[in-house]
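Just so you know, these numbers come straight off a predicted model, no measurement behind them.
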Amino acid sequence: MVPRTALIASAVAATTLWLAAAAVATGQTRSETRCEPAALPDEFSSYADYCSSFRERPERYFHEMFVNSAAPKKGTPFALRGCTYGCVVGDSFRADLAASPENGGSWSGKCFRDFNGMQLPSSVVNIVHSPDFQYEAEAFPGDLNFDKESWNRRIRSEEDGVWALEYENSEFEFDRDFTGYRDEMREVAPGVVLGKVFVKPFTEPYNPFPITLEVFHFMLFQVCDANGGFPRYSFDREMEKGN
């Protein structure tokens with residue numbers, strides 16, 4: 001019988017290879033002036049559908065993808081620009097909780113508005129729906145920067161690190177407090193960023209314990225606006241194939 005860890009490693013490698021191959025097939029390269037959307041597999045018509053396909057993957061799958069990705073170095077510009085599409089991924093209880101409408105399931109990405117090559121530090125806002133889902137809003141601002149150390153002690157490197165998003169100055173909005181959160185991100189393919197969410201001690205609803213916890217993963221996709229530019233606002237995002 002093939003060990004589960006070997007199966008996960010094989011699945012991660014296959015996904016990583018597909019993402020890289022898709023980028024090559026579409027001629028995708030990073031441009032400072034032109035928006036290049038993340039590649040979508042042929043069987044998916046939207047980023048939402050594609051993201052949903054990752055909901056049944058185990059957390060270990062995403063941890064392995066994160067660890068084996070090319071880590072940013074100090075001075076590396078952030079990989080995405082403008083307003084992106086995002087979703088919670090993984091099959092854990094905490095991922096299910098985060099994806100539920102009652103606890104942040106209305107989240108659909110982040111806006112990175114430094115259009116000068118995403119030099120750091122920079123400010124970021126999250127894209128959420130109002131509690132009644134009547135409108136989309138930008139909320140929970142954070143400060144994005146490079147950090148040479150991850151909060152996950154299994155990730156160690158003297159030269160490489162993570163893009164870290166801190167919410168220490170975030171305001172209480174939509175009955176949520178993000179000040180106890182931290183996002184760590186790495187690019188796993190052109191236009192695709194994988195993130196880890198950490199929660200400080202005694203931060204409900206995810207962490208009632210006196211230690212910092214890594215609670216779930218998320219993915220961000222570079223999308224463009226109708227004119228092929230970087231979306232300035234959430235409603236500018238073109239998130240379906242062929243638009």
Side-chain angles (χ1 to χ4, degrees), residues 1-26 28-30 36-41 43-44 47 50-81 84-92 94-95 98-99 109-110 112 118 120 144-165 181-199 212-222:
M1 179 178 295
V2 180
R4 186 168 183 266
T5 53
L7 291 174
I8 291 174
S10 177
V12 169
T15 301
T16 303
L17 284 172
W18 179 90
L19 288 167
V24 171
T26 57
Q28 187 173 354
T29 57
R30 181 173 300 167
E36 296 287 351
L40 271 177
E43 62 267 32
F44 298 103
Y47 292 100
Y50 186 35
C51 258
S52 295
S53 71
F54 288 102
R55 286 286 286 115
E56 296 181 359
R57 301 278 188 175
E59 292 297 320
R60 183 69 185 177
Y61 171 91
F62 298 103
H63 176 73
E64 292 295 331
M65 183 181 291
F66 193 95
V67 169
N68 293 316
S69 62
K73 295 178 171 57
K74 186 175 180 60
T76 304
F78 188 66
L80 308 180
R81 293 167 68 181
T84 62
Y85 177 76
C87 65
V88 175
V89 294
D91 66 350
S92 69
R94 290 189 177 95
K110 300 179 188 291
F112 304 89
M118 280 309 302
L120 304 179
L144 179 66
N145 213 333
F146 170 83
D147 196 332
K148 65 179 181 180
E149 294 185 1
S150 169
W151 280 10
N152 186 319
R153 295 188 176 183
R154 293 179 293 172
I155 303 173
R156 291 296 185 191
S157 176
E158 295 181 357
E159 298 181 357
D160 301 330
V162 297
W163 288 305
L165 182 55
Y181 291 72
R182 168 183 162 110
D183 298 338
E184 293 185 359
M185 296 170 282
R186 285 181 174 177
E187 187 178 30
V188 295
V192 183
V193 163
L194 177 64
K196 290 176 173 289
V197 176
F198 294 85
V199 183
T212 297
L213 291 181
E214 178 184 323
V215 289
F216 58 86
H217 292 86
F218 64 89
M219 295 183 81
L220 292 172
F221 296 86
Q222 179 69 68

Checklist entry - Are Tyr61 and Glu59 close enough that some pair of their side-chain heavy atoms sits under 4.5 Å apart? => result no
Checklist entry - Under 4.5 Å between any side-chain heavy atoms of Gln222 and Glu36, yes or no? => result no
Next on the checklist: Tell me if the CD atom of Glu43 is crowded by more than 12 foreign heavy atoms within 6.0 Å.
Outcome noted: yes
Checklist outcome for this item: With sequence neighbours left out, the residues meeting salt bridge (Lys or Arg N to Asp or Glu O under 4.0 Å) with Arg182 are Asp147, Glu166, Glu184
Checklist outcome for this item: Heavy atoms of Trp163 and Pro77 approach each other most closely as CZ2-O, 3.2 Å
Item to check | Lys NZ or Arg CZ of Lys196 over Phe218 ring: under 6.0 Å, within 45° | outcome: no
Checklist entry - Phe54 versus Cys87: any side-chain heavy-atom pair under 4.5 Å? => result no
Checklist outcome for this item: Shortest non-hydrogen pair, Phe221 vs Cys51, comes out as CE1-SG, 3.2 Å
Checklist entry - Is the ring centre of Tyr181 less than 6.0 Å from the ring centre of Phe198? => result no
Checklist outcome for this item: Closest heavy-atom pair, Val88 versus Ala95, reported as atoms and distance to 0.1 Å, is CG1-O, 3.7 Å
Item to check | Heavy-atom check, side chain of Arg81 versus side chain of Phe112, under 4.5 Å | outcome: no
Checklist entry - Is a side-chain donor or acceptor of Tyr47 paired with a backbone partner of Ala38 at a separation under 3.5 angstrom? => result yes
Checklist entry - What pair of heavy atoms forms the shortest contact from Lys110 to Leu165, and how long is it? => result NZ-CD2, 3.8 Å
Item to check | Side-chain (Arg55) to main-chain (Gly90) donor-acceptor, under 3.5 angstrom | outcome: yes
Next on the checklist: Walk me through whether Thr76 and Phe146 qualify under side chain to side chain contact (heavy atoms under 4.5 Å, CB included).
Outcome noted: CA-CA 8 Å; Thr76 304; Phe146 170 83; over 6 Å; no
Checklist entry - Do any N or O atoms from the side chain of Thr84 and from the backbone of Gly109 form a donor-acceptor pair under 3.5 angstrom? => result no
Next on the checklist: Contact between Leu80 and Leu220 at the side-chain level, heavy atoms closer than 4.5 Å - yes or no?
Outcome noted: yes
Checklist entry - Could you go step by step and tell me if Met219 and Val192 meet the side chain to side chain contact (heavy atoms under 4.5 Å, CB included) rule? => result CA-CA 7 Å; Met219 295 183 81; Val192 183; 3.7 Å; yes
Item to check | Donor-acceptor contact below 3.5 Å, side chain Arg186 vs main chain Phe66 | outcome: yes
Checklist entry - What residue among Val193, Leu194, Val162 forms side chain to side chain contact (heavy atoms under 4.5 Å, CB included) with Met185? => result Val193
Checklist entry - Sequence neighbours excluded, which residues qualify as side-chain contact (heavy atoms from CB on, under 4.5 Å) partners of Ser53? => result Phe44, Tyr50
